[in-house]
Amino acid sequence: LAAGERVFVNLLQSWGTVVEPVEGQGTATVLVGEKRFTVPLKDLAHRAEAPGGGVVKRAAKRGRYSYAVPEIATTTLDLRGQRAEAALAELERFLDAAVLNGIARVSILHGKGTGRLAEAVQRVLGEDRRVSAFAFAPLEQGGAGITEVTLST
């Protein structure tokens with residue numbers, strides 16, 4: 001493990017960059033977004049990452065069928081500034097990937113703006129059988145600009 005190396009932080013379900021490994025303590029300081037975390041080495045993974053940080057595909061097999069499971073690099077989807085039609089298509093792909101990877105909670109960042117995108121996102125979430133609950137984030141974590149989603153597992 002070296003400074004500058006990209007790692008997947010399992011507890012946060014996000015990619016980060018090693019700032020510095022702490023010798024002898026079994027931890028490393030990792031920068032995820034703009035926040036620093038001290039993480040046990042056992043909670044870090046070297047996972048294949050697509051060029052540019054995109055989706056990585058791995059094969060899964062169920063009986064006679066096999067399919068590619070897209071891994072997601074973060075549990076937050078940023079839809080700000082997008083038109084509803086494009087944003088909702090991206091939301092569907094994101095929910096597919098989250099469910100296939102067994103992730104129980106995700107956040108959808110849609111911003112406040114006029115509220116139309118938030119309404120569209122919540123309408124789709126309300127009709128999606130994979131979603132067991134959703135609500136705006138607490139005020140100190142973004143309020144009406146973020147919808148937190150609990151997925152059926």
Side-chain angles (χ1 to χ4, degrees), residues 4-19 28 30-37 39-153:
E5 195 169 339
R6 295 274 294 158
V7 292
F8 191 80
V9 182
N10 293 320
L11 291 171
L12 301 173
Q13 290 292 303
S14 297
W15 286 98
T17 304
V18 174
V19 176
V30 179
L31 186 64
V32 178
E34 296 178 9
K35 295 185 180 182
R36 288 177 181 253
F37 297 93
V39 182
L41 294 178
K42 66 179 179 62
D43 292 326
L44 298 177
H46 290 278
R47 292 164 100 178
E49 184 177 10
V55 174
V56 178
K57 300 207 185 242
R58 61 185 162 89
K61 207 161 184 145
R62 301 270 180 177
R64 298 183 314 189
Y65 304 98
S66 65
Y67 53 91
V69 178
E71 291 187 18
I72 57 177
T74 180
T75 57
T76 301
L77 175 63
D78 188 353
L79 298 175
R80 292 177 296 177
Q82 294 187 31
R83 295 201 173 271
E85 186 176 317
L88 296 179
E90 191 171 340
L91 174 62
E92 286 294 323
R93 287 189 298 272
F94 181 74
L95 292 175
D96 286 343
V99 168
L100 289 171
N101 281 282
I103 296 172
R105 291 184 56 90
V106 295
S107 298
I108 311 301
L109 177 56
H110 42 67
K112 295 178 184 174
T114 64
R116 288 190 186 124
L117 184 55
E119 285 176 17
V121 165
Q122 291 197 346
R123 179 179 34 78
V124 167
L125 293 173
E127 297 169 354
D128 196 316
R129 62 190 167 125
R130 301 170 294 187
V131 175
S132 61
F134 63 91
F136 286 130
L139 194 56
E140 66 275 2
Q141 294 176 1
I146 299 175
T147 298
E148 293 182 340
V149 181
T150 303
L151 298 168
S152 305
T153 52

When every non-hydrogen atom of Phe136 is compared with those of Ala118, the smallest separation belongs to CE2-CB, 4.4 Å

Of all heavy-atom pairs linking Ala137 and Gln141, the shortest is CB-O, 4.0 Å

Looking only at heavy atoms, the pair that brings Phe94 and Thr74 closest together is CE1-O, 3.7 Å

Smallest heavy-atom separation, Ala28 atom then Leu41 atom, equals CB-CD2, 3.9 Å

When every non-hydrogen atom of Arg36 is compared with those of Val19, the smallest separation belongs to NH1-CG1, 3.1 Å

Inset, instruction - Report the C-alpha distance between Phe134 and Val121 in whole Å, list the side-chain angles of each, state the deciding distance to 0.1 Å, and finish with yes or no for side-chain contact (heavy atoms from CB on, under 4.5 Å). - result: CA-CA 10 Å; Phe134 63 91; Val121 165; over 6 Å; no

Check: So Leu95 and Asp128, side-chain contact (heavy atoms from CB on, under 4.5 Å) or not? Walk me through it.
Finding: CA-CA 10 Å; Leu95 292 175; Asp128 196 316; 3.6 Å; yes

Quick note, salt bridge (charged side-chain N to carboxylate O under 4.0 Å, His left out) partners involving residues 134-145, not counting sequence neighbours, are none

Side chain to side chain contact (heavy atoms under 4.5 Å, CB included) filter on Val39, not counting sequence neighbours, yields Val9, Val30, Phe37, Asp43, Leu44

Sequence neighbours excluded, the answer for side chain to side chain contact (heavy atoms under 4.5 Å, CB included) partners of Thr17 is Arg6

In short, salt bridge (charged side-chain N to carboxylate O under 4.0 Å, His left out) pairs touching residues 105-123 with sequence neighbours left out are Arg105-Glu148

Checking side-chain contact (heavy atoms from CB on, under 4.5 Å) for the pair Glu90/Leu77: CA distance, chi angles, key distance, verdict?
CA-CA 9 Å; Glu90 191 171 340; Leu77 175 63; 3.3 Å; yes

| Tell me, do Ile108 and Leu79 make a side-chain contact under 4.5 Å, heavy atoms counted? | yes

Checking the side chain of Ser107 only, and the main-chain atoms of Thr76 only, is there a donor and an acceptor separated by less than 3.5 Å?
no

Residues passing the side chain to side chain contact (heavy atoms under 4.5 Å, CB included) test with Val124, sequence neighbours excluded, are Leu88, Leu91, Glu92

- Item | Derivation and outcome, side-chain contact (heavy atoms from CB on, under 4.5 Å), residues Ile146 and His110 | CA-CA 6 Å; Ile146 299 175; His110 42 67; 5.6 Å; no

So salt bridge (charged side-chain N to carboxylate O under 4.0 Å, His left out) across residues 77-86, not counting sequence neighbours, yields Asp78-Arg80

Nearest heavy-atom contact between Ala98 and Leu151 is CB-CD1, 3.7 Å

